[in-house]
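Computation of the quantities below employed the complete heavy-atom set of this structure, encompassing side-chain atoms and omitting hydrogens, waters and symmetry-equivalent molecules. Given the structure is predicted, the values throughout are model-derived calculations rather than measurements. Labels below follow one simple rule: chain letters A, B, ... track the order of the sequence lines, proteins then strands, and each chain is numbered from 1.
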Protein chains: 2
Amino acid sequence: MSDIDLLALRQSSTLSELVADKMEKLILSGKLAAGERINEAVLAKELGVSRGPVREASMLLTSRGLVEFIAFRGAFVRKISRAELLEIYDLRAVLTGQACYLAALKAGGNAGPLNDLHDRMEKAADSNKADRYYELNLKFHECLVDMAGSSRLRTMIDSLVNEMHLYRQVSLRSHPDMAQSNREHRAILDAIIQGDAEKARKLGEAHVRAGKQRFEAAGAETLVEDE
Amino acid sequence: MSDIDLLALRQSSTLSELVADKMEKLILSGKLAAGERINEAVLAKELGVSRGPVREASMLLTSRGLVEFIAFRGAFVRKISRAELLEIYDLRAVLTGQACYLAALKAGGNAGPLNDLHDRMEKAADSNKADRYYELNLKFHECLVDMAGSSRLRTMIDSLVNEMHLYRQVSLRSHPDMAQSNREHRAILDAIIQGDAEKARKLGEAHVRAGKQRFEAAGAETLVEDE
DNA sequence: AAATATTAAATTGTTGACAATCTTGGATCA
DNA sequence: TGATCCAAGATTGTCAACAATTTAATATTT
């Protein structure tokens with residue numbers, strides 16, 4: 001567990017937030033394993049702060065869906081079952097659909113950076129660079145939600161995506177059919193540019209559902225995430 | 001501001017949670033007005049606790065969508081604009097649709113307490129008892145989400161409903177067309193009993209959207225909420 | 001030996017004091 | 001007069017000590 005505490009150089013940010021960011025990384029990287037209890041005193045010492053900020057950070061992460069708080073027992077890294085993961089896919093599909101719907105309404109024929117991202121993803125897919133594709137894919141979805149312009153929606157989707165990463169502390173990236181995935185992106189993009197909000201919703205939903213089906217089709221071990 | 005602190009009789013619950021419950025009531029009843037800053041020291045004194053639990057309670061309420069935290073400036077009761085309220089309606093519609101979908105899948109032809117609730121609401125509608133109807137309506141929606149069996153979904157919807165109540169610190173209850181509202185409930189219920197999940201989703205979504213349209217149709221002052 | 005009660009250790013919950021930051025009001029200057 | 005700067009006050013952020021609770025380890029009983 002790394003403890004190069006750059007905590008000192010905080011700028012207009014509170015210690016609790018910095019600790020929360022650090023903890024988020026520890027959790028998403030698996031250094032704090034799913035199901036594990038987070039010992040306030042130990043973590044506080046490792047980070048060079050007192051228990052207060054660690055407590056507050058834990059609560060912050062609770063609202064981000066990464067941590068579960070139990071009174072007098074402590075904060076636990078959340079553990080996601082297969083059934084829950086499938087449930088999350090469904091919720092994310094519905095919310096992503098709404099994001100596409102709103103994006104189409106607000107775009108006004110101009111899809112902004114999405115076009116560029118799509119092109120770069122196509123290149124990554126052609127040259128079979130899965131890591132690069134994964135990275136751009138994250139940006140694409142982020143950008144999509146930004147276009148929708150609803151902070152609530154963003155928070156909800158981010159939280160769900162976070163939770164997905166807790167499934168069996170495994171990194172979800174994988175090597176699916178990038179070309180197919182990006183064709184779906186193209187279709188969503190077109191609907192948004194045309195301003196066809198209902199179509200965008202349907203395609204957005206279907207895109208995430210396709211990801212779910214890829215996951216279900218694969219074994220429980222081989223995880224598939226790039227949509 | 002009432003301060004009959006029954007905080008003493010806590011049972012297997014933490015002070016922070018009790019304070020959070022109390023604060024939630026203060027906010028939803030308008031005693032803590034939307035936009036207002038929550039002074040930790042003052043509230044702590046009024047409730048007879050130290051600042052710690054008040055702080056933690058504020059963070060809890062942040063994740064429930066009632067409070068906004070700004071570093072070094074404090075916790076503010078959230079303020080919802082008309083545009084945001086409309087946005088929330090849409091999100092709630094989509095999530096309620098998903099709840100109905102899941103409920104239909106899991107019901108197995110048995111709608112449980114929903115039938116009973118529907119009957120009681122019909123009576124309330126016939127005798128024009130709006131308050132009674134409002135109360136039962138809340139239970140109906142709650143029960144619906146419970147049937148869906150997803151704690152995530154529940155949290156999200158609860159959060160949205162909470163936020164709606166922050167719009168102009170006005171109680172949202174009103175005297176809409178209870179009979180029409182309950183006809184919509186009946187249709188949802190039937191779809192659930194028949195196990196027609198996609199139909200249940202559509203009807204659930206439409207039900208909330210109808211509430212949104214009633215709100216939009218009414219003046220900005222007259223609020224309409226019973227769906 | 002297994003189950004239950006008891007005690008000690010570890011851990012979380014709460015508090016009050018102090019540090020860091022923001023806000024307010026007044027003084028200074030153009 | 002109006003704007004800017006500065007200091008005092010108010011408020012939040014952090015800490016370390018103490019209280020309440022849970023967990024474990026041990027003793028006791030059957």
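Distance, M59(A) CE to dG13(D) P: 14 Å, rounded to whole Å. As rounded to whole Å, 18 Å separates atom P of dA20(D) from atom CD of E17(B). Atom C1' of nucleotide dT14(D) and atom NZ of K45(A) are separated by 18 Å, given to the nearest angstrom. Rounded to whole Å, the distance from CZ on F76(B) to C1' on dC22(C) is 11 Å. Look at CZ on R55(B): it is 7 Å from P on dT14(D), rounded to the nearest Å.
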Listed pairs, N/O of protein and of nucleotides 6-11 of chain C, under 3.5 Å:
unit_1, atom_1, unit_2, atom_2, d
dT11(C), OP1, N39(A), ND2, 3.3
dT11(C), O3', R37(A), NH1, 2.9

Pairs under 3.5 Å (N/O, protein and nucleotides 15-18 of chain D):
unit_1, atom_1, unit_2, atom_2, d
dC15(D), OP2, S50(A), N, 3.0
dC15(D), OP2, S50(A), OG, 2.9
dC15(D), O5', S50(A), OG, 3.4

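An OP1 or OP2 oxygen of dT14(C) is reached within less than 4.0 angstrom by a side-chain nitrogen or oxygen of T14(B).
For E205(A), the salt bridge (Lys or Arg N to Asp or Glu O under 4.0 Å) criterion is met by R209(A), not counting sequence neighbours. Applying the ring-ring contact (aromatic ring centres under 6.0 Å, His included) criterion to F140(A), with sequence neighbours excluded, gives H185(A).
Contacts classified as salt bridge (charged side-chain N to carboxylate O under 4.0 Å, His left out) and involving residues 100-116 of chain B (residues at least two apart or in different chains) are given here: D116(B)-R120(B).
Of all heavy-atom pairs spanning M23(A) and S58(A), the tightest one is CE-OG, 3.7 Å. When all heavy atoms of L60(A) and A20(A) are compared, the pair lying nearest together is CD1-CB, 4.0 Å.
Classification of K139(A) and E142(A) as a salt-bridged pair fails, no side-chain N sitting under 4.0 Å from a carboxylate O. Comment: K22(A) does not engage E46(A) in a salt bridge, judged by the lack of any side-chain N to carboxylate O separation of less than 4.0 angstrom. R154(A) and D146(A) are joined by a salt bridge, as a carboxylate oxygen and a charged side-chain nitrogen come within less than 4.0 angstrom of each other.
With a 4.5 Å cut-off on side-chain heavy atoms, L61(B) and E24(B) count as touching. Under the 4.5 Å side-chain criterion, counting only non-hydrogen atoms from C-beta, H141(B) is not in contact with V161(B).
For the pair S16(A) (side chain) and A57(A) (backbone), a donor-acceptor distance under 3.5 Å is absent.
Helix bend of the helix from dA1(C)-dT30(D) to dA30(C)-dT1(D): the angle between its two end axes, each built from five pairs, comes to 10° after rounding to 10°.
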